[in-house]
Each structure stands twice: as structure tokens, then as C-alpha cells.
Peer 1: 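Got a structure for you, written out below as C-alpha cells; questions coming shortly.
A, B, ... follow the sequence lines: proteins, then strands. Residue 1 opens every chain.
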Amino acid sequence: MIQLTFPDGSIREYEAGISGLDVAKSISEGLARNVLSVSFNGQTQDTGLPIETNGTIVFNTWNEDEGKSTFWHSSAHLFAEAVEALYPGVKFGIGPAIDQGFYYDIDLGEESLSLDDLPAIEKKMLELARQKNEYVRKEVSKADAIKYFEEKGDEYKLELIDGLEDGQITFYTQGGFTDLCKGPHIPNTGSIKAVKLLKVAGAYWRGDEKRKMLTRVYGISFPKQKELTQHLALLEEAKKRDHRKLGAELELFMFSDRVGAGLPIWLPKGQAIRERLQKFLKDEQEKRGYKMVTTPHIGKKELYVTSGHYAKYGEDSFQPIKTPKDNEEFLLKPMNCPHHCEIFNNRPHSYKELPIRIAEFGTVYRYEQSGELHGLSRVRGFTQDDAHIFCTRDQLKEEFLNVLDLTKVVLDKMGFYEFTAQISLRDPATPEKYLGSTENWDAAEQAIIDATEEVGLKTVTEIGEAAFYGPKLDFMIKDAIGRSWQLGTIQVDYNLPERFELEYIGSDNQSHRPVMIHRAPFGSMERFMSILIEHTAGKFPLWLTPEQFVVIPVSEVFNDYGQSVVNELAKKDITGKVDFRNETIGKKIREAEMQKIPIMLIIGEKEQEEKAVSVRMQGKGDIGSMTLGEFVEFFEVEKEKGE
RNA sequence: GCCGGCAUAGCUCAGUUGGCCAGAGCAGCUGAUUUGUAAUCAGCGGGUCGGGGGUUCGAAUCCCUCUGCCGGCUCCA
């Protein structure tokens, strides 16, 4: 007999060799029907596999991430089966589950796939799913595995097998399709009730741009049709919120082919928001001892040779600008930090001055590959809400906490209440990728870990994601429709102080090297705006929105009163304008609604007599009439709500 | 950069297998209308069919090339 511990802590006894499915059955029929895979001692496996020893067992159903992942992985196999049935002779790369669904890479040979071909594959998948074919696991020897795929002529699977150890190779077969796969899989195809293939795209074999481009098909599947419908509705919603669409509609920013790809141009309304964001951050930073600076947009090439960026990125950057006579070379600045290091170097520093916090909304230029450009979230010219903190090693943790606090204030203000922090550490296996001593790296990584623990931040740790000069902490936020984005970043750097020979005089009258922290709570104004637009769907909170209200007179007779309302409100720092156009009020309201102006003030004879306004809120409709004084109070309350 | 797709008026889109002066709605302009909570009516103007080259008696439509955009891949100091 073996003892199995369940998630609730209870323990039950079973015969050794019992399958996960039978354990589930012993609990309830419903569970047995819904279990997709089991996690035994933290290892996910098929429900049909025997359990031989004592341990903990977790049942993964659709409600668990593990369950979804198993379900989607099995769906990828079903997809491959359908593709093979419709396109005989194709070869397969890999087909994993991802966050939202699955994909499979296919070598179609002479064939090609377009979006129009997908419905036929979906249909085939559902047809095969209804056969309720079991996913049958089989352990095979390496020799047999090679033999199978040699006969099939699938060099991709052979290459995968090449990297596996004999004795650890398994095949899974469902219906007429067999795949190299370590599993686990759901019991049978019958639970896959709804399928949608979403995208066709190219993907390099093994992510290597020198190797063959395969056709990747992305899809998602569900145990219920209703869930697919909901998912598609969510995708629809995301499309509506697309910042590129809203940015154009609300006239926040634009691009111009003549100016160049990836070079955003901020229009007056976008700029108004941008300035309010910057003012907010500047005020918060001033409270925390930051000093603003301005540095030029270009710098001598040697500056970046010194910083190490030239060696690392020089080839892939905008190339140097040359002066006409002396042939000096200048680079568009890709970063602000070398300039800020020179500010630190401007004069000697005592330990008593530290930490020194230098902030700049610094516009930088980076050559992003043409295929990378995407709205405001990936551009070639952008403004970082940058700052560099120069401190002693002993101050590192406290400064880190200070930055964490600032970041939290910023996220709260913006309405991002759900976030995690990702700690990116170096990969000890590839030390050649990193600059600086092991000792310094250890200390920096420890400072980040300690600080996040001290404030009880929810964190995930990623090995190998560190920057080349130091470990970092990135904030991952969840937006209003549940998507994750990476926002601000905090990075510890021992490297630049070394390269720029930064020094301060300690209490011992000796020279010491300061530590540097790079940080940007927004990340960049451009990227942050893109996320904010999609998070709010263009309905910015009152304190941020470029036009807080519009006055709509019912006829031009009341234009003068309308202007006096605007003037009165301007005194209270409430900004808006009168819509003087000769249009019906229905039309003016419609346009204000579509422009997402939060407040419409309709005025006519009654309002003029009573020094009042009739208030309509965007998306909510008419909320009644109030005097101007009452409106100012109402506005302040609404503004607080939005914060 | 790579693979695939797309590019018609300011915007959203029609334009059948190459064939008369390339269309619609919205926006714009002019005029009428003076409006009470999501589109008032009428008239008018507007397009080198993304740029360049080619095939053809004839190209928005077919081919090449450049630019830009979209979906991915790779990359992201």
C-alpha cells in the first residue's frame, strides 16, 4: 500500500500501481471525468500512469493552469493529426502549449498555408476529436525512435531525438498520428470540444535565423464552446483597445512615412497626457531627492566605447554621425547613463553627498530591426523616464527600497493594482555574456532579493535574463482585460562606475567606487502610453485626460454663456472648451462620446438663468443639472475617484 | 533582418476572370436650419489606385523592385 497526500492535506491509502485516474474515481466521478493530468510529487504526468510510491498528488482539471497546458498540448497533437490527414507528407517541428493555447511548426514542403485554409483544419480536428481517440503513451528505444522518423522522413524529429537519451524517449499516439513527445496528455481527444486556429506565421527551426523557416500555426481550444466564444470576445475587446487604433482616433500621436518608421510624433492631446505624466513623476521624484538634468542627444563615439555599449551594440546601432572637417564621430545617444556618469565625474564627491540621484526625461535612439517596430510599444526614438542613483554599497538596499516605493506609488496612481516583479539574474553557465566580477554580481543579486523580500513583493526569478552589466528587476503588470505587460525596470550596475572610474571619498579619506542603479518606473513614455491607452481603452482618468469637459450649447444664442463657463472652470484648473459648431446637439454629443471626453456640459436657457450646467458623463449619460459651484465640487470628487 | 500577408479619396471599404470617364458611406467645403442628451437637410469639391520599372493593343487588376503597414520569428543596452 502507498499513502497519497492531497492538496487539502488529507492522506489516503491505495494499492501501489494505481493510476491517477483511479485515485480520482475514488474521490468522485465528477473529478474523474474532468481530470486532465495529475501532478505527482510536483511532476505532471498522464492520468493513466501508475503511481508506485508515497507522495503528494494534485489533480489538474481545466481550472488549473497545468490542466489547461496539458489540454492545449494534446490539442497541438490533434492539430498535427488533422494537418497530416489533409496534407500528407508534411514534416513537423515542435508543438507546445503556450500561455493562451498552442502552436505547431510545420514544414509543408511545396505546399503553403493561409488563413483561408484554417477552417478546414479546424473542422478536421473536431471530427477527429469526436472519435474520442486515446492518447497512448509508449516508451521506445532511441534506435526504434530514429527508425520510425527515418521512415517518415522527418528530419526535425530526428534532430530532436538526437538530443535525447536512450531510455527516456516516449511516443504518443492518438488515432492515426504518432509523435515524439514526453507528455503528459489528456486521456482522450473527446474533451476537445471547441477549436480556433488563429494565426499563421513563419518561425525559424529552433529559433535560429540561419535555419529553415517553418510555418507556425497558432490555435486555442476549449472543453466548451461557450469558453471559446468568450475567448474570441476578449480578443475582439483587445482589438478595440489597440493603442494604434485609439491613438489615431483620439489624435494622440501619429507616424509619417516621410519622417521614418518607428519615429512617433506626438500630437497636442497626446503631448498633454505625456506632460501630465511627467509632471506627476517629477513631483514624486523631487520628494525623494532626485535632481533633474538635461543632456544632449548625441555624444562622441568614445563615450560609448568607454561605457562598453559600442562593443556590444555598435554594429547593430544607427551608425556614427561624422563632423565635416575633423571627422569626429558622434552617436545618437542610445542611453542616458554615460552622460549621467560624466555629471557625477564633474567634481569630486564626498560620501556625505551620497546617494546622488540624477533624473532626466531623456530621449534616446536605437536601431530596432524593421520587423520589430510596433506602434508606440517598439520604436526607434523614445523618451525614458530615466534616473541614475549613485550610492555606496551599504546604501544599495535602502536605495532599492526607495525605488520600489516610488514604483508602487506610480503603479497605484495609474490604476495598475495587480503586478508581479521579475528578478532577472545571470546565467552562471555563460559567464562570458556578462561584464564585471563575480563578487559584485553576487552582491547585486543579493541586494535585489533582500529588498524585494523586505517589502513582501510577489516575485518570479528568471535565470539568464539579466542585462550584461548587472541584474535587474522588472515590473509585470496586469491590465484591465487580464493581459500582462512589462513596465518599469530597476537595474543594479557595478560595471559603468568601473568603466567611467567613478569615485567618492569615504570617511576613511580613501577613494571608493560608487554603485549605480538605473531605474525607469514607466520604462519609456511611449511604451507606457501604449499600455495605458489599452488599459483604459482611451478613457483616461480625469487628472490625465487632455480635455476634461466640453460645453455644448443647445443653440448659438448660449455661446457666450458657454465661454463664461469655460473661463470660470479654468480658474479652478478644470480644462475644456465650447463646441461652437453649427451642429445639432445630438451630433455634438455623439462626437464627444466617441472622443471619450469624460464630461459634457449641456447648456440652454434654463442653465443660463440659473448659472448652472446640465452634466452628462461619457458612457453613463445624463446625470442632471447642477450649479457651477456644485459642479466644481462634483468634479473634484470624480477626479479623486479616478486616482 | 527573415517568412507570410496587405497598400484604392482625410477615414472605413466596393471595384467580378486585365477592357467604357475608378465608386459608396463618413469626414471636408458651401448654403439652408437654431437645435435639450449618441449622426438635420441639400449641393459641391476631392484619387499620380503607396513609389519606380516591366508584360500587354489595353493594368487598380499580372510580374519585378523599393517604401510603409499587419501577423509571427530572431533581437531588445
Side-chain angles (χ1 to χ4, degrees), chain A residues 103 105 108 112-116 198-218 242 244-245 248-249 255-262 304 307-314 316-317 333-338 364-375 377-380 382 384 386 435 465-470 472 486 489 491 493 495-496 518 520 523-524 527 552-559 581-595 600-607 614-625:
Chain A
Y103 68 79
D105 287 346
L108 289 153
S112 70
L113 264 188
S114 78
L115 280 175
D116 301 334
L198 297 160
K199 290 172 204 161
V200 184
Y204 302 113
W205 170 237
R206 309 211 112 175
D208 181 346
E209 61 182 301
K210 290 181 190 68
R211 307 200 60 178
K212 187 159 182 182
M213 174 81 61
L214 304 178
T215 302
R216 177 171 295 181
V217 177
Y218 286 86
D242 191 321
R244 293 167 300 185
K245 184 171 166 280
E249 281 172 9
F255 289 91
S256 151
D257 291 1
R258 282 219 181 98
V259 172
Y304 297 98
S307 73
H309 292 108
Y310 192 78
K312 184 101 181 153
Y313 296 100
D316 304 319
S317 294
K333 77 172 163 185
M335 310 210 66
N336 304 301
C337 31
V364 298
Y365 299 89
R366 297 178 184 176
Y367 176 76
E368 302 288 354
Q369 300 186 79
S370 61
E372 297 311 325
L373 303 174
H374 182 93
S377 37
R378 195 77 186 269
V379 290
R380 286 178 172 163
F382 57 96
Q384 295 178 313
D386 212 358
L435 296 174
E465 290 292 309
F468 72 90
Y469 52 76
K472 56 182 184 176
Q486 185 193 315
T489 182
Q491 310 179 352
D493 189 349
N495 174 53
L496 277 186
H518 311 243
S524 81
R527 187 177 156 75
I552 302 177
V554 297
S555 100
E556 65 190 16
V557 176
F558 308 106
N559 282 352
R581 293 173 310 157
N582 178 13
E583 296 289 351
T584 59
I585 74 156
K587 179 150 183 162
K588 291 181 187 179
I589 285 171
R590 180 180 155 80
E591 286 182 7
E593 288 277 348
M594 290 198 304
Q595 282 292 308
M600 287 149 267
L601 302 176
I602 288 88
I603 53 161
E605 190 170 2
K606 203 169 101 227
E607 285 76 15
S614 171
V615 181
R616 180 187 168 102
M617 300 284 283
Q618 201 270 346
K620 298 193 187 94
D622 188 2
I623 61 164
S625 183

Peer 1: For B:A59 versus B:C64, give the span between their C1' atoms, rounded off to a whole number of Å.
Peer 2: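 Per the computed distance, 15 Å lies between those C1' atoms.
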Peer 1: Using the P atom as the point on both nucleotides, what is the distance between B:G46 and B:A22, in whole Å?
Peer 2: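 The same atom, P, in both gives a distance of 13 Å.
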Peer 1: May I ask you to decide if A:E593's main-chain N or O and A:Q618's side chain share a donor-acceptor pair within less than 3.5 Å?
Peer 2: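 It does hold such a pair.
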Peer 1: When you measure from the side-chain N and O atoms of A:K312 to the phosphate of B:A77, is any distance below 4.0 Å, counting only OP1 and OP2?
Peer 2: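 So the side-chain polar atoms of A:K312 never come under 4.0 Å of the phosphate oxygens OP1 or OP2 of B:A77.
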Peer 1: A:E583 has an atom CD; how far is it from atom C1' of B:A27, in whole Å?
Peer 2: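 Nearest whole value for this atom pair: 11 Å.
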Peer 1: Think A:K587 has a side-chain N or O under 4.0 angstrom from the OP1 or OP2 of B:A27?
Peer 2: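 For A:K587, the contact criterion (side-chain N or O under 4.0 Å from OP1 or OP2 of B:A27) is met.
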Peer 1: Rounding to the closest angstrom, what is the interatomic distance between B:A7 and B:C26 at atom P?
Peer 2: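 Going atom to atom, P in each nucleotide, I get 24 Å.
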Peer 1: Say you pick atom C1' in B:A60 and the same atom in B:G47; how far apart are they, in whole Å?
Peer 2: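 It works out to 11 Å between them.
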Peer 1: Taking 4.0 Å as the cut-off, does a side-chain nitrogen or oxygen of A:R616 come that near to OP1 or OP2 on B:A38?
Peer 2: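 The answer is yes; a side-chain N or O of A:R616 sits under 4.0 Å from OP1 or OP2.
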Peer 1: Taking 4.0 Å as the cut-off, does a side-chain nitrogen or oxygen of A:R244 come that near to OP1 or OP2 on B:G68?
Peer 2: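 Answer is no, no contact under 4.0 Å.
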Peer 1: So, applying side chain to side chain contact (heavy atoms under 4.5 Å, CB included) with A:S614, which one of A:D622, A:I603, A:I623 is it?
Peer 2: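 Answer to the side chain to side chain contact (heavy atoms under 4.5 Å, CB included) test with A:S614 among A:D622, A:I603, A:I623: A:D622.
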Peer 1: For B:C2, does either OP1 or OP2 sit under 4.0 Å from a side-chain N or O belonging to A:Y204?
Peer 2: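 No.
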Peer 1: Give a yes or no on whether the backbone of A:P334 and the side-chain of A:R366 come within a donor-acceptor separation of less than 3.5 Å.
Peer 2: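 Yes; at least one donor-acceptor contact below 3.5 Å.
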Peer 1: So, OP1 or OP2 of B:U40: does either fall under 4.0 Å of a side-chain N or O from A:T584?
Peer 2: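 So the side-chain polar atoms of A:T584 do come within 4.0 Å of the phosphate oxygens OP1 or OP2 of B:U40, strictly under.
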Peer 1: On a whole-Å scale, what distance lies between the P atoms belonging to B:C6 and B:U65?
Peer 2: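 Between the two P atoms, the distance is 15 Å.
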Peer 1: Taking CZ from A:R590 and C1' from B:A39, how many angstroms apart are they, rounded to a whole number?
Peer 2: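 Those two atoms, CZ and C1', are 5 Å apart.
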Peer 1: Check the distance between B:G5's C1' and A:M213's CE and give it to me in whole angstrom.
Peer 2: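 Distance, rounded to whole Å: 14 Å.
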Peer 1: What interatomic distance, in whole Å, is found between C1' of B:C69 and the corresponding atom of B:U8?
Peer 2: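 15 Å, rounded to whole Å.
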Peer 1: Does A:H374 place a side-chain N or O at less than 4.0 Å from the phosphate oxygens OP1/OP2 of B:C69?
Peer 2: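 Negative; the distance criterion is not met.
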Peer 1: Assess whether a salt bridge exists between A:D208 and A:R206, defined as any Lys/Arg side-chain N lying under 4.0 Å from an Asp/Glu carboxylate O.
Peer 2: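 Here A:D208 does not pair with A:R206 in a salt bridge, since their nearest N and O are not under 4.0 Å apart.
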Peer 1: Give me the ring orientation class for A:Y218 and A:Y103: parallel if the planes are under 30° apart, tilted from 30 to 60°, perpendicular past 60°.
Peer 2: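 Aromatic pair A:Y218/A:Y103 classed tilted.
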Peer 1: In terms of side-chain heavy atoms of A:K199, which of B:A77, B:G72, B:C69 is nearest?
Peer 2: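 Of the candidates, B:G72 comes closest.
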Peer 1: Measure the distance from CG on A:L601 to P on B:U37 and round it to the nearest whole Å.
Peer 2: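 Rounded to whole Å, this separation is 16 Å.
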Peer 1: Within less than 4.0 Å of OP1 or OP2 of B:C73, is there a side-chain N or O belonging to A:Y218?
Peer 2: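 Indeed, a polar side-chain atom of A:Y218 lies that close.
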Peer 1: Pick the C1' atom in B:G58 and in B:G50, then give their distance to the nearest Å.
Peer 2: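 Taking atom C1' in both B:G58 and B:G50, they lie 23 Å apart.
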Peer 1: Please report the distance separating the P of B:C73 from the corresponding atom of B:C13, rounded so that it comes out in whole Å.
Peer 2: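 To the nearest whole Å, 25 Å.
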Peer 1: So which nucleotide does B:C6 pair with, by the Watson-Crick or G-U wobble rule with both distances under 3.5 Å?
Peer 2: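 Pairing partner: B:G68.
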Peer 1: Passes side-chain contact (heavy atoms from CB on, under 4.5 Å), A:E607 versus A:L601? Steps please.
Peer 2: CA-CA 10 Å; A:E607 285 76 15; A:L601 302 176; over 6 Å; no
Peer 1: Determine which nucleotide pairs with B:C41, using a 3.5 Å limit on both distances of a Watson-Crick or G-U wobble pair.
Peer 2: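 Base partner found: B:G31.
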